Structures are given as C-alpha cells and as structure tokens.
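The block underneath contains the structure these notes are about, expressed in structure tokens.
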Amino acid sequence: MNFSRSLIKWYGHNKRELPWRNTRDAYKIWISEIILQQTKVKFGLKYYLKFLQKFPTIYVLSDAKENEVLKVWEGLGYYSRARNLHYTSKFIVNNLNGKFPNTYLEILNLKGIGPYTAAAISSFAFKLPFAVLDGNVIRLLSRYFGIKVPFDNLRGKKLFQQLSQELLNDNDPDLHNQAIMEFGALICKPKLPKCDICHFNNLCYAFNYNLVKKLPVKQKKIKIKKRYINYLIIENNNFCFVKKRNEGIWRGLYEFPKIETEDSLSVPNSKDFSKYLKNKCSIIRHSDIIIHKLSHQHIFAKFWHIQSNVNQLESCIKVRFNKLSNYPFSTLILNYLKDNY
DNA sequence: TATCCGTGGTG
DNA sequence: TCACCAAGGAT
C-alpha cells in the first residue's frame with residue numbers, strides 16, 4: 001500500500017468528526033477554511049457554527065454590514081479574513097450569480113484565498129487534484145523525508161509544494177488532503193509527536209536519525225515591538241465615545257480614543273488630554289497596566305476613566321455603555337469591558 | 001521579499 | 001515563564 005493509501009486508511013479509523021467534513025457545499029467549506037487559517041480546530045469550531053448560523057448562505061453574508069461580520073468574528077483574530085470573506089461574498093453574488101467558482105485558478109483569484117485554501121476548496125468541494133500545503137503537511141514531509149531546507153522562504157515552499165503534489169492521490173484528492181493534515185495534527189505534532197504509534201516510523205528519516213525535534217527547519221525569527229497605549233473611556237452620563245480603526249492591527253474594529261506614547265506608559269500630560277477634552281473633565285480612576293501579547297507586538301495598555309460633559313468628539317461616535325456590545329472590539333478591550341462593566 | 005496581521009494552546 | 005506554533009494571505 002502506498003503512502004497516500006496508508007494515510008487514507010488511517011484517517012478512516014482515526015478522524016475527528018467535524019461539521020465541514022460532512023458537506024460538499026463550497027460556501028460552507030470556504031467559511032471553514034478561512035476560519036481555520038492559523039487557527040486551531042478546537043478554537044475555530046465554535047466560530048464556524050456561529051458564523052453559519054448568522055450567515056447560512058452566501059446571499060445572507062453579502063447582504064450583511066461589515067460590522068455584523070466583524071462582530072461574529074470578534075475574538076478570533078486576523079480580522080482581514082472576515083473583511084475579505086465579506087468582500088468576496090459580494091463579488092460572487094454580484095459578478096458570478098452567487099455561484100461559487102469551481103476551478104482552481106478562479107478560486108485562487110478570490111480575495112483572501114491563497115494556494116492552500118484554493119487547493120483545499122478545490123479538492124473538498126470539487127474533488128480536483130490539488131495538494132494542500134499547510135503547517136501540518138510541511139512538518140510531516142520534512143520529517144518523513146528528512147528535508148532540512150527551511151520552509152519559510154520561496155525555495156523551501158516550492159520544494160514542499162512540489163513534493164506534496166507528487167504524493168497526492170489523484171483518485172481521492174479530498175480524502176488524501178484531509179488525511180495528511182489530520183495525521184499531522186494528531187500524530188506528527190510539533191511537540192511530543194506520537195512516534196511510538198506512528199505507522200510510518202520505520203520509514204521516517206527523522207525518526208531513524210533522531211531529528212524529529214529538529215525538523216522542520218525555520219529560518220526567520222519574528223521581532224516583537226513594544227507599544228504603549230492609553231485608552232480614554234470618556235463618560236458622559238450613560239454614554240462614551242468610540243471610533244473605528246482604519247489601519248494596522250484590528251482594522252475595522254472599534255476602540256476608545258487613545259494616546260500612544262513612545263517609551264513607557266506615563267500619565268498622559270494635560271496637553272494630550274486637552275486634545276480630546278476641551279471642556280471640563282476629571283479623571284475618575286485608571287486601570288493597572290495590562291499587557292496584551294500579539295504575535296508581532298506586546299501592547300502595554302492603561303484604561304483611563306474620565307468624567308466629562310463633552311457631547312461630541314472628532315471622528316468618534318457616541319455610544320451608550322449598554323450598547324457597546326453592538327460593536328466589534330479587540331480582545332484587549334473586550335476583556336477590560338467584561339471585567340469592569 | 002520581508003513584514004504585518006490575533007489569539008490561545010503547549011511543553 | 002516564554003518561545004513556538006496553528007487547515008496562511010496580503011502588501
């Protein structure tokens with residue numbers, strides 16, 4: 001039995017029951033694949049169920065407001081996925097008569113869909129012979145074949161993609177792709193892989209040469225920036241002010257007006273405050289420093305509660321405290337609101 | 001092409 | 001505690 005057949009047989013006996021595996025509906029498969037990008041299955045599952053409940057068809061999604069889509073996505077991270085999903089739903093409804101494209105290249109051309117997702121949808125929804133290459137596949141191939149080429153550069157990616165495609169079972173590309181990813185997720189794991197019960201250990205290069213912990217090889221290291229942000233919760237009776245982010249991290253989400261400083265979180269000086277508060281105001285209290293860690297930056301945040309009589313703020317909207325939950329916020333702000341209101 | 005984009009789990 | 005990583009893609 002060849003590599004692919006063995007994987008598919010293992011998959012048949014060991015797979016997890018997941019809702020997107022019981023459908024050929026390209027819309028549902030698309031949603032699941034976008035949600036699962038850089039996201040653990042267990043975490044993404046609840047968002048998948050919530051998303052399809054709220055947006056059961058591509059038409060419902062295309063009719064929604066961006067705020068609604070981001071609200072459902074709230075807490076999941078990588079919010080451009082939600083914005084692109086929304087954009088592409090409109091594109092398909094308006095230009096493709098609501099019919100999800102059924103060729104690899106057409107799918108690949110959709111916004112938010114790259115090589116991995118195009119191969120996944122092509123194979124799962126249409127049984128087209130395109131091999132997926134994700135973190136699971138890279139790890140498995142790297143170990144099994146003893147590939148020491150770093151995967152996080154163009155040469156490495158091409159090498160792994162080609163190998164992945166060569167191994168593909170053209171008769172069952174859908175099962176093959178599911179199986180190889182599931183095997184990577186459950187057996188050939190990043191840490192403490194289950195080599196003792198692995199069907200392939202006798203033929204696995206890394207296992208035989210004690211290189212399991214060294215493979216795959218990653219070249220680059222990420223650099224982490226530090227940022228210092230004071231959020232101003234400006235209260236006027238039952239109202240406060242928020243504004244929509246238009247760039248950078250958390251684009252499309254809402255936040256309180258803020259004062260960002262360079263080196264540390266000092267008390268904002270009166271000049272900074274007066275930019276926002278021309279009328280009388282008083283600081284009621286402030287939070288401790290909250291450290292919010294993201295993949296590329298550590299944010300040191302402080303929330304300032306300010307009593308004021310201002311009725312409008314530039315580029316801000318005025319929102320009742322009990323209506324804040326209608327707007328999408330970052331997890332950083334969400335956690336703070338949850339603990340303090 | 002290097003960097004940016006989130007959050008939570010893991011050992 | 002902390003570095004690493006997850007069904008990656010856009011710019």
Side-chain angles (χ1 to χ4, degrees), chain A residues 11 15-16 18-21 29-48 70 73-85 87-88 107-124 130-140 150-158 160-161 164 174 176-186 188-193 213-214 216-225 227 245 247-253 291-299 328-335:
Chain A
Y11 177 70
K15 67 175 176 178
R16 294 168 288 185
L18 299 169
W20 50 84
R21 288 178 171 167
I29 291 168
W30 173 45
I31 301 302
S32 75
E33 289 304 333
I34 300 299
I35 287 176
L36 291 172
Q37 286 171 4
Q38 298 288 285
T39 304
K40 287 266 172 45
V41 166
K42 190 182 174 187
F43 187 51
L45 177 57
K46 46 184 178 267
Y47 282 87
Y48 173 82
L70 286 170
W73 208 267
E74 186 179 70
L76 186 54
Y78 284 153
Y79 297 92
S80 66
R81 293 183 292 174
R83 287 184 279 107
N84 288 335
L85 215 43
Y87 173 92
T88 297
I107 295 171
L108 181 61
N109 276 329
L110 297 172
K111 203 166 193 174
I113 294 183
Y116 163 77
T117 306
I121 297 174
S122 295
S123 62
F124 300 154
F130 293 89
V132 292
L133 185 68
D134 73 333
N136 293 307
V137 178
I138 289 171
R139 192 168 55 250
L140 190 156
F151 64 87
D152 55 341
N153 60 39
L154 195 58
R155 176 168 160 249
K157 279 209 180 72
K158 274 187 174 175
F160 280 104
Q161 181 67 61
S164 176
D174 50 342
H176 172 98
N177 281 337
Q178 290 283 8
I180 194 167
M181 288 193 287
E182 189 78 334
F183 195 88
L186 299 183
C188 200
K189 302 190 292 181
K191 293 175 182 175
L192 300 186
K213 286 180 182 169
K214 303 245 181 197
V217 176
K218 195 172 177 181
Q219 197 171 44
K220 306 172 189 110
K221 267 195 174 177
I222 55 170
K223 239 183 154 182
I224 294 175
K225 276 184 196 166
R227 294 178 65 184
R245 290 186 55 83
E247 59 180 19
I249 196 168
W250 298 316
R251 183 192 302 192
L253 304 189
I291 303 175
H292 189 77
K293 294 181 177 179
L294 299 104
S295 52
H296 284 74
Q297 45 184 297
H298 289 178
I299 294 175
F329 290 98
S330 66
T331 294
L332 167 59
I333 291 179
L334 226 48
N335 284 343

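All values derive from a computational prediction rather than experimental measurement. Chain letters run A, B, ... following the sequence lines, proteins first, then strands; residues in each count from 1. In what follows, every heavy atom counts, from backbone to side chain, and hydrogens, waters and symmetry copies are set aside.
- Note on residues 73-83 of chain A: pairs passing salt bridge (charged side-chain N to carboxylate O under 4.0 Å, His left out), not counting sequence neighbours, are A:K71-A:E74.
- For the atom pair CD1 (A:I107) and CD1 (A:I113), the distance works out to 7.0 Å, reported to the nearest 0.5 Å.
- Contact annotation: the side chain of A:L253 approaches that of A:L70 to within less than 4.5 Å [non-hydrogen atoms, C-beta and beyond].
- Among the atoms of the strands shown, base atoms are found under 4.0 Å from some heavy atom of A:R21.
- Base contact: A:Y78 has a heavy atom under 4.0 Å from a base atom.
- Residue A:Q178 is classed as a base contact, given a heavy-atom separation below 4.0 Å to a base.
- Closest-nucleotide positions on DNA chain C for A:L110 and A:L18 were compared, and the one nearer the 5' end corresponds to A:L18.
- For the pair A:I222 CD1 and C:dA6 C1', the interatomic distance rounds to 13 Å; values are reported in whole Å.
- Taking for each of A:K111 and A:R16 the nucleotide of DNA chain C with the nearest heavy atom, the 5'-most of the two is the partner of A:R16.
- Across the C1' atoms, C:dC4 and B:dG6 are found 15 Å apart, a figure rounded to whole Å.
- Heavy atoms of A:K189 sit nowhere under 4.0 angstrom from any nucleic acid atom.
- As a whole-Å value, the separation of A:K293 NZ from C:dC5 P is 17 Å.
- A:H296 is not listed as a side-chain neighbour of A:I224, based on a closest heavy-atom distance of 4.5 Å or more.
- As a whole-Å value, the separation of A:E33 CD from C:dG8 C1' is 11 Å.
- Dashed line: the shortest gap from a side-chain N or O of A:Q37 to OP1 or OP2 of C:dG8 is not under 4.0 Å.
- Residue A:K42 places its NZ atom among 12 or fewer non-hydrogen atoms of other residues, nucleotides or ligands, all under 6.0 Å distant.
- Comparing B:dT1 with C:dG9, their C1' atoms sit 14 Å apart, to the nearest whole Å.
- The gap from the C1' atom of C:dT11 to that of B:dT7 amounts to 22 Å, rounded to the nearest Å.
- Residue contacts for A:S295: at a heavy-atom cut-off of 4.0 Å it reaches a base atom on one of the strands shown.
- When heavy atoms are screened at a 4.0 angstrom cut-off, A:W73 is found touching no nucleic acid atom at all.
- Atoms CG and CZ, on A:N136 and A:F183 in that order, are 11.5 Å from each other to the nearest 0.5 Å.
- Within the 4.0 Å cut-off from OP1 or OP2 of C:dG9, at least one side-chain nitrogen or oxygen of A:T117 is found.
- When the C1' atom is compared between B:dG8 and C:dT1, the two are found 16 Å apart, to the nearest whole Å.
- Counting to the nearest Å, the C1' atom of C:dA6 and the NZ atom of A:K191 are 12 Å from each other.
- Looking at heavy-atom distances under 4.0 Å, A:K221 makes contact with sugar-phosphate atoms alone, never a base.
- The side-chain hydrogen bond (donor to acceptor under 3.5 Å, both in side chains) search around A:Y116 returns A:E33, not counting sequence neighbours.
- Atom CG in A:D134 sits about 14 Å away from atom C1' in C:dG9, given to the nearest Å.
- Across the protein-nucleic acid pair, A:M181 atom CE and C:dA7 atom P stand 9 Å apart, rounded to whole Å.
- In this structure, A:Y116 places its OH atom 19 Å from P of C:dC5, rounding to the nearest Å.
- Within 4.0 Å of A:G184, counting heavy atoms only, lies no atom of the nucleic acid at all.
- Using modelled atom types and a 3.5 Å distance limit, the side chains of A:S123 and A:D174 yield no donor-acceptor pair.
- At the heavy-atom level, A:I35 lies nowhere under 4.0 Å from the strands shown.
- Counting non-hydrogen atoms under 4.0 angstrom, A:L192 reaches the backbone sugars and phosphates but no base.
- Note on A:G248: only backbone sugar-phosphate atoms sit closer than 4.0 angstrom, heavy atoms only; bases stay farther off.
- Comparing A:R227 and A:F43 by the nucleotide of DNA chain B that holds the closest heavy atom to each, the one mapping nearer the 5' end is A:R227.
- Each of A:S330 and A:K223 was assigned the nucleotide of DNA chain B with the nearest heavy atom; the assignment lying further toward the 5' end belongs to A:K223.
- Atom CD of A:Q38 sits about 9.0 Å away from atom OG of A:S295, to the nearest 0.5 Å.
- Nucleotides of DNA chain B that come within less than 4.0 Å of any heavy atom of chain A span, from the 5' end to the 3' end, B:dT1 to B:dG11.
- Straight-line distance from the CD1 atom of A:I249 to the C1' atom of C:dT11: 16 Å, rounded to whole Å.
- Separation of the P atoms belonging to B:dC5 and C:dC2 is 23 Å when rounded to the nearest angstrom.
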